[in-house]
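Since the structure comes first, as structure tokens, the remarks are kept for the end.
Ligands are counted one by one from 1 in listed order, and the atoms in each one are counted from 1 as well.
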Amino acid sequence: MTTSTGQPLAAQRILVTGGAGTIGSHVVDLLLEADAAEVVVLDNFARGRMENLAEAEAVGGDRLTVVTGDINDPALVRDVISGIDVVFHLAALRITQCAEQPRLALESLVDGTFTVIEAAVAADVKKVITSSSASVYGLAESFPTTERHHPYNNDTFYGAAKAFNEGMLRSFHAMNGLDYVALRYFNVYGPRMDTHGLYTEVLIRWMERISRGEAPLIFGDGAATMDFVHVRDIARANLLAARADVTDTVYNIATSTETSLKGLADALLAVMDSDLKAVHGPERAVNGVTRRLADISAAARDLGWTPEIGLSDGLDDLVTWWRHAAQPAVAG
Ligand SMILES: NC(=O)c1ccc[n+]([C@@H]2O[C@H](COP(=O)([O-])OP(=O)(O)OC[C@H]3O[C@@H](n4cnc5c(N)ncnc54)[C@H](O)[C@@H]3O)[C@@H](O)[C@H]2O)c1
């Protein structure tokens, strides 16, 4: 007997953990567009915001249910997951918060993910799509980096937790036949990025500075590169991973384009029609990853996913959203 591991999403009941966050809320939008019967968001609102779900509320009506709660609450998770067909698991802390509060990170990323997986098995969920990260590679040794690259260069708690999450899912696939796909996102940006939080991304700081007539500030020489991917492309990858006839596997989700921090600042200045030039400040020890460039051929081959939004259009989209929807923070 052959069984398909591809799951339809129309008329299905879906759980999105972290669904009020940046990426999760875009996944929710696409699921409602795809005619999901019900989309349940489970979010503790540590970073998530109801504003991120405004479009989903308008489009989804009573097909959208928002539950405020923690993924590390087994009774609640069991309750919420009962009757669910597909789980998109996105709830997590940011890498910087994991470094500052490793115990909270353990409870959230590791125990919380275990709780979601355990409940998914008990509820006979058909497939789990989970959010992993390029952080599992640390500073890679080969570029473009493929999914076969080892995880031993990672030295962050966040990356370790993400690698363990992938391992947990593999083990539950082996023990219980749980179907899953893990997606390793590279450097995500786009509308609904957190503008207020302590861990706000550099792009938000730069937009604030440029709009005040101040040059974007780069810590260090700006030569470090990243592989930027727009949040809507990430959300699309999530839906394709659910539908594709694949299980027990991981995919890089990136654009396979290397952009330096300096190049990013220049691109943002161009999109914001500014003549300013980026200025440099002293290097700050944030993490040791100086280069990211993904091989994304596996996702293209197996999921039919390729990125559709280039950096310039994506930054334009981010700036438009930020100008209209976000409340610029005061800090610079
Ligand atoms: N943004 C990136 O660059 C990036 C890169 C790689 C991987 N990821 C992963 O993608 C996923 C989504 O990231 P994002 O950028 O949307 O982050 P986000 O912070 O915007 O969203 C995460 C959501 O999870 C919620 N949450 C956190 N802990 C929770 C808990 N214990 N219980 C319930 N809800 C909880 C938060 O309130 C938030 O709404 C995460 O798993 C993240 O690790 C993000």
Side-chain angles (χ1 to χ4, degrees), residues 15-29 40-53 56 66-74 76-77 80-81 87-98 101 103-116 119 128-137 154 156-166 182-204 226-235 237-238 250-255 287 289 292 294 314 318:
L15 172 65
V16 184
T17 74
T22 306
I23 303 170
S25 62
H26 286 276
V27 171
V28 170
D29 286 344
V40 180
V41 166
L42 175 61
D43 200 300
N44 67 1
F45 288 88
R47 260 175 67 100
R49 308 185 138 252
M50 272 316 286
E51 294 95 282
N52 292 343
L53 292 169
V66 180
V67 178
T68 303
D70 204 288
I71 53 164
N72 197 19
D73 176 343
L76 174 70
V77 172
V80 162
I81 223 164
V87 173
F88 292 85
H89 175 43
L90 294 104
L93 305 179
R94 310 295 300 181
I95 190 167
T96 35
Q97 192 176 1
C98 290
Q101 296 175 281
R103 177 162 289 282
L104 183 63
L106 181 77
E107 290 162 0
S108 195
L109 270 72
V110 179
D111 292 346
T113 296
F114 176 84
T115 302
V116 170
V128 175
I129 310 302
T130 200
S131 294
S132 191
S133 167
S135 291
V136 301
Y137 300 121
N154 164 62
T156 64
F157 190 92
Y158 172 85
K162 290 291 186 186
F164 183 66
N165 287 350
E166 291 181 7
L183 302 175
R184 293 177 180 161
Y185 314 145
F186 278 59
N187 304 100
V188 184
Y189 72 102
R192 305 180 191 156
M193 284 172 78
D194 183 27
T195 58
H196 302 271
L198 200 50
Y199 308 101
T200 297
E201 279 85 343
V202 67
L203 270 170
I204 302 286
M226 302 192 202
D227 190 333
F228 289 98
V229 54
H230 190 275
V231 66
R232 269 203 308 280
D233 275 332
I234 303 253
N238 271 269
V250 307
Y251 295 100
N252 288 338
I253 301 297
T255 52
N287 71 51
V289 178
R292 284 231 192 277
L318 172 68

| request: Give the numbers and elements of all ligand 1 atoms closer than 4.0 Å to a heavy atom of A92. | output: 22 (C), 24 (O), 27 (C), 40 (C), 41 (O), 43 (O)
| task | Would you mind running through ligand 1 and noting each atom that sits below 4.0 Å from a heavy atom of F45? | result | 37 (O)
| query | Which atoms of ligand 1 are found less than 4.0 Å from any heavy atom of A20? | reply | 39 (O)
| task | Please determine which of L203, V231, V188, I23 meets the side-chain contact (heavy atoms from CB on, under 4.5 Å) test together with M193. | result | L203
| request: Before giving the answer on side chain to side chain contact (heavy atoms under 4.5 Å, CB included), spell out for H230 and Y189 the whole-Å C-alpha distance, their side-chain angles and the decisive distance to 0.1 Å. | output: CA-CA 5 Å; H230 190 275; Y189 72 102; 4.0 Å; yes
| Residue pair M50, V66: steps toward the side chain to side chain contact (heavy atoms under 4.5 Å, CB included) verdict | CA-CA 9 Å; M50 272 316 286; V66 180; 4.1 Å; yes
| query | ligand 1 and N44, any nitrogen or oxygen pair closer than 3.5 angstrom? | reply | yes
| Pairwise side-chain contact, L93 with Q101, heavy-atom cut-off 4.5 Å (strictly under) | no
| request: Would you give the length of the straight line joining atom CZ of F228 to atom CG of D233, rounded to the nearest 0.5 angstrom? | output: 14.5 Å
| field | Side chain, backbone, both or neither: E107 near ligand 1, heavy atoms under 4.0 Å | value | neither
| Matching residue for N72 among D111, V116, T113 - test: side-chain contact (heavy atoms from CB on, under 4.5 Å) | D111
| message | Checking side-chain polar atoms at under 3.5 Å, does T255 have a donor or acceptor matched by the opposite partner on D227? | response | yes
| note | So the atoms of ligand 1 within less than 4.0 Å of a heavy atom of G69 turn out to be 32 (N), 33 (C)
| said: Counting C-beta onward and ignoring hydrogens, is there a side-chain heavy-atom pair between S133 and E166 closer than 4.5 Å? | reply: no
| said: Between ligand 1 and I23, is the shortest N or O to N or O distance under 3.5 Å? | reply: yes
| message | Parallel, tilted or perpendicular, judged at 30° and 60°: which one describes the rings of F186 and Y137? | response | tilted
| said: Do N154 and K162 make a side-chain contact, defined as non-hydrogen atoms from C-beta onward lying under 4.5 Å apart? | reply: no
| Is there a side-chain contact between L106 and F164, using heavy atoms and a 4.5 Å cut-off? | no
| Least distance between heavy atoms, A254 atom then A294 atom | CB-CB, 3.5 Å
| task | Kindly say whether R192 contributes a backbone atom to a donor-acceptor pair with the side chain of T22 at under 3.5 angstrom? | result | yes
| said: Can you tell me if L90 contacts ligand 1 (heavy atom of the residue under 4.0 Å from the ligand)? | reply: yes
| request: For S132, counting its heavy atoms only, list the atoms of ligand 1 lying under 4.0 Å from any of them. | output: 6 (C), 7 (C)
| note | Looking only at protein heavy atoms, what sits closest to atom 23 (C) of ligand 1 is G18 CA, 3.6 Å
| Do Q97 and Y158 come within less than 4.5 Å of each other through their side chains, counting heavy atoms only? | no
| said: Please confirm whether K162 approaches ligand 1 to less than 4.0 Å, judged on its heavy atoms. | reply: yes
| Hey, does S108 come in under 3.5 Å of ligand 1, counting only N/O atoms on both sides? | yes
| said: If the cut-off is 4.0 Å to any non-hydrogen atom of Y158, which atoms of ligand 1 fall inside it? | reply: 6 (C), 7 (C), 8 (N), 9 (C), 42 (C), 43 (O)
| said: Just to check, does D70 reach to within less than 4.0 Å of ligand 1 when the distance is taken from its heavy atoms? | reply: yes
| Touching ligand 1 at all, F186? Heavy atoms, strictly under 4.0 Å? | yes
| Protein contact to atom 4 (C) of ligand 1 [nearest heavy atom, distance to 0.1 Å] | V188 CG2, 3.7 Å
| message | Would G21 count as being in polar contact with ligand 1, using the rule that some N or O on each side must be under 3.5 angstrom apart? | response | yes
| Are any of the N or O atoms of T22 closer than 3.5 Å to those of ligand 1? | yes
| query | Nearest heavy atom to atom 25 (C) of ligand 1: which of V77, I71, D43, V27 does it belong to? | reply | D43
| field | Check: L93 N/O within less than 3.5 Å of ligand 1 N/O | value | no
| message | For atom 10 (O) of ligand 1, what is the closest protein heavy atom, and at what distance to 0.1 Å? | response | Y185 CE1, 3.3 Å
| query | So, do N44 and D70 sit near enough that their side-chain heavy atoms are less than 4.5 Å apart? | reply | yes
| task | Report yes or no: does a heavy atom of G112 sit under 4.0 Å from some atom of ligand 1? | result | no
| Quick one: nearest non-hydrogen protein atom to atom 15 (O) of ligand 1, plus distance? | R94 NH1, 2.8 Å
| query | Closest non-hydrogen protein atom to atom 18 (P) of ligand 1, residue and atom name please, with distance? | reply | R47 NE, 3.8 Å
| message | If we set the cut-off at 4.0 Å for heavy atoms, which region of H89 has an atom near ligand 1: side chain, backbone, both, or neither? | response | neither
